[in-house]
2 protein chains.
Amino acid sequence: MHPSKESITLSGILYALSDPTRLALIQSLASKGAQSCGALSLPVAKSTASHHFRVLREAGIIQMQAEGTQFINSLRRDDLDSRFPGLLDAVLLASEVA
Amino acid sequence: MHPSKESITLSGILYALSDPTRLALIQSLASKGAQSCGALSLPVAKSTASHHFRVLREAGIIQMQAEGTQFINSLRRDDLDSRFPGLLDAVLLASEVA
DNA sequence: ACCAATGTTCGATTAAATTAGAACATAAGA
DNA sequence: TCTTATGTTCTAATTTAATCGAACATTGGT
């Protein structure tokens, strides 16, 4: 379900983050910390939101852990920083500027 | 044909670079400097290569200038660095690691 | 047990990207 | 002027992605 750090690919990350909805998602996670899927309140259907979480998860950008009836999402910051130094920070900085 | 610096979007850049063929293209431009389309010798049909150049150009990542019968491609490094500091470098670094 | 809350998965639909072949445009050279 | 070189544009086929509704699973509370 969650890819290992080594199997995270650059193309996968760039693709996952090229979607404005997913970009907004990780921006929220970065600024407000870990949140459940519902707390992130996307303006799309539940199934669509679930799809976006899956894309981010399978790209290795977020991790999800069950907590009661909900799932808590958080950035895999350490893994990303060690595998692709500076990339996440540059994207987050750019997403604030734009 | 070439977008202004201000109209370059983060999503556009991330999407354009999420394709392995295009990523390889800009990596070659970064390491070997400006090159014609032909010199970059992609393993695809001419029309397909032209499509990839167009995507990179319209995303604001490269600029193309006519030079005789050919087009010289180069990175819009200054524009990218000023608009999204550190992003291009992080991607290029990541593309070397991976 | 029963019910509500929270997401996931399945199936279908619609939209967008990738690819390539064929025809076209432009510049340089013989 | 004719030909070659270098890409672009057009059109079409295949693939991939985004979206939603409905049904399903799991947990926690009543």
Side-chain angles (χ1 to χ4, degrees), chain A residues 1-3 8-29 32-76, chain B residues 1-3 8-29 32-76:
Chain A
M1 251 199 175
H2 290 87
I8 297 177
T9 69
L10 177 59
S11 291
I13 290 182
L14 297 178
Y15 171 71
L17 296 183
S18 71
D19 180 281
T21 299
R22 292 192 291 262
L23 195 55
L25 260 176
I26 67 128
Q27 198 179 4
S28 178
L29 288 178
K32 300 178 188 169
Q35 296 173 75
S36 69
C37 298
L40 286 153
S41 66
L42 296 179
V44 295
K46 268 193 313 181
S47 53
T48 303
S50 187
H51 163 71
H52 287 306
F53 285 115
R54 178 208 281 257
V55 171
L56 287 171
R57 185 179 65 238
E58 293 185 343
I61 298 171
I62 66 171
Q63 65 193 145
M64 302 173 73
Q65 58 190 103
E67 187 100 1
T69 70
Q70 52 192 14
F71 286 77
I72 305 299
N73 305 281
S74 55
L75 288 177
R76 291 180 62 176
Chain B
M1 249 198 174
H2 291 87
I8 297 178
T9 68
L10 176 59
S11 291
I13 290 181
L14 297 178
Y15 173 72
L17 296 182
S18 70
D19 180 281
T21 299
R22 292 192 290 262
L23 194 55
L25 259 176
I26 67 128
Q27 199 179 7
S28 178
L29 289 178
K32 300 178 186 168
Q35 296 172 75
S36 69
C37 299
L40 286 153
S41 66
L42 296 179
V44 295
K46 266 194 315 181
S47 54
T48 301
S50 186
H51 162 73
H52 287 306
F53 286 115
R54 177 207 282 256
V55 171
L56 287 171
R57 185 180 65 237
E58 293 185 344
I61 298 171
I62 66 171
Q63 63 193 146
M64 301 174 74
Q65 57 191 91
E67 188 100 2
T69 69
Q70 52 193 14
F71 286 76
I72 304 300
N73 304 282
S74 56
L75 289 177
R76 291 180 62 176

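None of the values given here were measured: they were computed from a predicted structure.
Remark: P of D:dG7 and CD of B:Glu67 are 11 Å apart, rounded to the nearest angstrom. Regarding A:Phe53, its CZ atom lies at a distance of 15 Å from the P atom of D:dA18, rounded to whole Å. For the pair B:Glu58 CD and C:dA16 P, the computed distance is 15 Å after rounding to whole Å. What separates CZ of B:Arg54 from P of C:dA17 is a distance of 12 Å, to the nearest Å. The interatomic distance linking A:Gln65 (CD) with C:dT8 (C1') rounds to 18 Å, in whole Å.
Without hydrogens or angle criteria, A:Ser18 side chain to A:Tyr15 main chain gives a donor-acceptor distance under 3.5 Å.
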At a cut-off of 3.5 Å, list every protein nitrogen or oxygen paired with a nitrogen or oxygen from nucleotides 3-7 of chain C, distance to 0.1 Å.
residue: C:dT6; atom: O4'; partner: A:Thr69; partner atom: O; Å: 3.4
residue: C:dT6; atom: O4'; partner: A:Thr69; partner atom: OG1; Å: 3.4
residue: C:dG7; atom: OP1; partner: A:Cys37; partner atom: N; Å: 3.2
residue: C:dG7; atom: OP1; partner: A:Gly38; partner atom: N; Å: 3.4
residue: C:dG7; atom: OP2; partner: A:Gly38; partner atom: N; Å: 2.9
residue: C:dG7; atom: N7; partner: A:Lys46; partner atom: NZ; Å: 3.0
residue: C:dG7; atom: O6; partner: A:Lys46; partner atom: NZ; Å: 3.2

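Nearest-nucleotide positions on DNA chain C place A:Met1 closer to the 5' end than the other of B:Thr48 and A:Met1. Residues B:His51 and A:His52 each lie close to DNA chain D; by heavy-atom proximity, the contact nearer the 5' end of the strand is made by B:His51.
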**Request:** Check the pair A:Val44, A:His51 against side-chain contact (heavy atoms from CB on, under 4.5 Å), reporting the backbone distance first and the verdict last.
**Result:** CA-CA 11 Å; A:Val44 295; A:His51 163 71; over 6 Å; no
**Message:** Please evaluate residues A:Gln35 and A:Gln70 with respect to the criterion side-chain contact (heavy atoms from CB on, under 4.5 Å), reporting the C-alpha separation (whole Å), side-chain torsions for both, the decisive distance (0.1 Å), and the verdict.
**Reply:** CA-CA 10 Å; A:Gln35 296 173 75; A:Gln70 52 192 14; over 6 Å; no
**Working for side-chain contact (heavy atoms from CB on, under 4.5 Å), residues A:Arg22 and A:Ile26** = CA-CA 6 Å; A:Arg22 292 192 291 262; A:Ile26 67 128; 5.8 Å; no
**Verdict with reasoning, A:Leu29 to A:Leu40, per side-chain contact (heavy atoms from CB on, under 4.5 Å)** = CA-CA 8 Å; A:Leu29 288 178; A:Leu40 286 153; 4.2 Å; yes
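The one candidate from A:Asp19, A:Leu75, A:Ile13, A:Ile62 that meets the side chain to side chain contact (heavy atoms under 4.5 Å, CB included) condition with A:Leu56 is A:Ile62. Under the side chain to side chain contact (heavy atoms under 4.5 Å, CB included) rule, B:Asn73 has a single partner from B:Gln65, B:Met64, B:Gln63, which is B:Met64.
Interatomic distance, CD1 of A:Ile61 versus CG of A:Leu23, reported as 9.5 Å (0.5 Å rounding).
Nucleic acid contact for A:Val55: none, since no nucleic acid atom lies under 4.0 Å from a heavy atom of the residue.
Taking both residues in full, the closest heavy atoms of A:Met1 and A:Glu58 are given as O-CG, 4.4 Å, listed atom of the first, atom of the second, then distance.
Against DNA chain C, the stretch residues 15-26 of chain A makes no heavy-atom approach under 4.0 Å.
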